[in-house]
Amino acid sequence: MSDFDRNASVWGQSAAQAGAAEIDQGLRSYMLGVYNYMTVGLAVTGLVAMGTNMMAVTQSATGGRALTAFGQALYLSPLKWVVMLLPLAFVFFFSFRIDRMSASTAKGVFMLFAAAMGLSLSSVLFIYTGASVTRAFFITSATFGALSLYGYTTKRDLSAMGSFLIMGLFGLIIASLVNIFMQSSVMQFVISLISVGIFAGLTAYDTQSIKEMYYSGDDGETAAKKSVNGALMLYLDFINIFTSLLQLTGSRND
């Protein structure tokens, strides 16, 4: 009887281990999909920003930098408000419609959003030096990677911290809107400083939340949509850390 019990125990452990291994492999594949979509999105943003900058900026007669007719329309005319707000419109559309989208449509909308963000961010390549942009990108990459890894591996529940950070984010958005009209450099510095802290914390929180969204019973369509949604969350964290660091540390072109 004792031999039977021991064998049953071993069998039960083997089945449990096999189930855990299957879930672990599924979770790795799911998170890899999230990071892959995010990386492709960032690549699209960078390529569109560089392409737009090449069309918008030219060399002046004195050897300096000047805007082309396209650049003047993009950055100086009322069109600049459309370019600035277009990524936000995509985020709202994506957030409210993703449940009714197919996975392929969600991927397409995410890539269009990334392209719209590249169009919006192309102005930083005109305002800041290439060295500043490169430095901010690598600092952001290192910071984001460390915080996302922490969010993935930690056993601590980050939901309380996340709730606090989300409240802070709403305050940050209001302050940013107010400063559009005030144009205060001091206020902008404080906003950028707080923004780095908020989105750094959100990187860890969002990573843990994305991990917890995984369910081994999801079909391929649902898992793919969750991956795209997770990629959008982390993409926004990365972009906001990057732009805030650039505003804090970037050197402007003459």
Side-chain angles (χ1 to χ4, degrees), residues 37-38 40-58 60 65-101 104-130 132-133 136-137 140 169-185 187-189 191-192 195 198-199 202 228-229 231-248 250 252-253:
Y37 289 134
M38 175 197 160
V40 173
L42 288 173
V44 169
T45 297
L47 290 172
V48 171
M50 288 189 290
T52 303
N53 181 257
M54 290 174 63
M55 292 187 293
V57 180
T58 188
S60 66
R65 290 155 55 85
L67 291 174
T68 63
F70 173 73
Q72 291 175 7
L74 196 63
Y75 303 138
L76 301 180
S77 76
L79 182 61
K80 68 181 181 181
W81 295 105
V82 177
V83 173
M84 186 186 303
L85 296 175
L86 186 59
L88 184 61
F90 266 106
V91 170
F92 280 117
F93 176 79
F94 193 89
S95 299
F96 288 113
R97 298 284 298 182
I98 187 170
D99 289 340
R100 285 168 280 182
M101 293 180 190
S104 58
T105 301
K107 294 173 190 176
V109 172
F110 176 60
M111 292 306 154
L112 287 174
F113 161 72
M117 184 64 80
L119 188 66
S120 180
L121 289 179
S122 62
S123 60
V124 304
L125 299 177
F126 178 73
I127 297 172
Y128 296 98
T129 64
S132 294
V133 173
F137 176 80
T140 301
L169 178 59
F170 282 116
L172 190 68
I173 292 171
I174 293 171
S176 298
L177 291 174
V178 170
N179 201 43
I180 290 177
F181 302 99
M182 291 182 59
Q183 293 293 308
S184 168
S185 58
M187 188 173 181
Q188 184 57 54
F189 178 84
I191 289 172
S192 297
S195 182
I198 287 177
F199 284 101
L202 283 175
V228 176
N229 188 54
L232 174 64
M233 294 165 65
L234 294 182
Y235 172 98
L236 290 172
D237 293 334
F238 186 101
I239 289 294
N240 279 284
I241 294 173
F242 168 72
T243 54
S244 298
L245 280 175
L246 193 57
Q247 290 168 351
L248 288 171
R252 292 175 174 262
N253 284 307

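We use all heavy atoms of the structure for the numbers below, so side chains are in, but hydrogens, waters and symmetry mates are not. None of these values were measured; they are calculated from a predicted model.
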Note to self: Apply side chain to side chain contact (heavy atoms under 4.5 Å, CB included) to residues Leu47 and Val44 and explain how you reach the verdict.
What the structure shows: CA-CA 5 Å; Leu47 290 172; Val44 169; 5.9 Å; no
Check: Taking it one step at a time, do Phe90 and Met117 satisfy side chain to side chain contact (heavy atoms under 4.5 Å, CB included)?
Finding: CA-CA 9 Å; Phe90 266 106; Met117 184 64 80; over 6 Å; no
Next item on the list: Apply side chain to side chain contact (heavy atoms under 4.5 Å, CB included) to the pair Val228 and Phe94, showing each step before the final yes or no.
Entry: CA-CA 10 Å; Val228 176; Phe94 193 89; 3.5 Å; yes
Note to self: Let's go through Val83 and Leu86 carefully: what are the C-alpha distance in whole Å and the side-chain angles of both, what is the deciding distance for side chain to side chain contact (heavy atoms under 4.5 Å, CB included) to 0.1 Å, and is it a yes or a no?
What the structure shows: CA-CA 5 Å; Val83 173; Leu86 186 59; over 6 Å; no
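When every heavy atom of Ser122 is checked against every heavy atom of Leu74, the shortest pair comes out as OG-CD2, 4.2 Å. Nearest heavy atom pair, residue Asn253 against residue Leu125, reads ND2-O, 3.8 Å. Heavy-atom minimum distance, Tyr37 versus Ala231: CB-CB, 3.5 Å. Among all heavy-atom pairs drawn from Leu202 and Asp237, the shortest one is O-OD2, 3.5 Å. The two residues Ala116 and Pro87 come nearest to each other via the heavy atoms O-CG, 3.8 Å. Ile191 and Ser176 make their closest contact through CG2-OG, 3.6 Å (heavy atoms, listed as atom of the first residue, atom of the second, distance).
Within the model, atoms CZ of Arg65 and CD1 of Ile127 stand 10.0 Å from one another, a figure rounded to the nearest 0.5 Å. The structure places OG of Ser195 at 5.0 Å from CG of Leu172, a figure rounded to the nearest 0.5 Å. Rounded to the nearest 0.5 angstrom, Asn53 CG and Ser123 OG are separated by 9.5 Å. For the atom pair Met38 CE and Met233 CE, the distance stands at 12.0 Å (nearest 0.5 Å). Note that CE of Met111 and NZ of Lys107 are 9.0 Å apart. Values are rounded to the nearest 0.5 Å. Leu236 contributes atom CG, which lies 11.0 Å from atom CD1 of Ile241 (distance to the nearest 0.5 angstrom).
Surrounding CZ of Phe126 are more than 12 heavy atoms belonging to other residues, nucleotides or ligands, all under 6.0 Å away. For Met55, the CE atom is densely surrounded, since the number of other residues' heavy atoms within 6.0 Å is greater than 12.
Looking at Leu169 and Phe199, their side chains come closer than 4.5 Å, going by heavy atoms from C-beta outward. In this structure, Gln247 and Phe189 have side chains that are not in contact, with every pair of non-hydrogen atoms separated by 4.5 Å or more. A 4.5 Å side-chain heavy-atom check between Lys80 and Tyr75 finds every atom pair outside the cut-off.
No donor-acceptor pair under 3.5 Å is formed between the side chain of Thr58 and the backbone N or O of Thr68. Judged by distance alone, with hydrogens and angles left aside, the side-chain atoms of Thr243 form a donor-acceptor pair with the main-chain N or O of Asn240 at under 3.5 Å. With hydrogens and angles disregarded, a donor-acceptor distance shorter than 3.5 Å links the side chain of Thr45 to the backbone of Ala114. Judged purely by atom type and a 3.5 angstrom limit, Thr140 uses its side chain to pair as donor or acceptor with the backbone of Ala136. A donor-acceptor pair is defined here as one N or O able to donate and one able to accept, closer than 3.5 Å; no such pair exists between the side chain of Thr105 and the backbone of Met101.
Between Phe137 and Phe238, the ring centre distance stays below 6.0 Å. Between Phe113 and Tyr235, the ring centre distance stays below 6.0 Å.
With hydrogens and angles left out, the side-chain atoms of Ser192 and Ser244 include no donor and acceptor closer than 3.5 Å.
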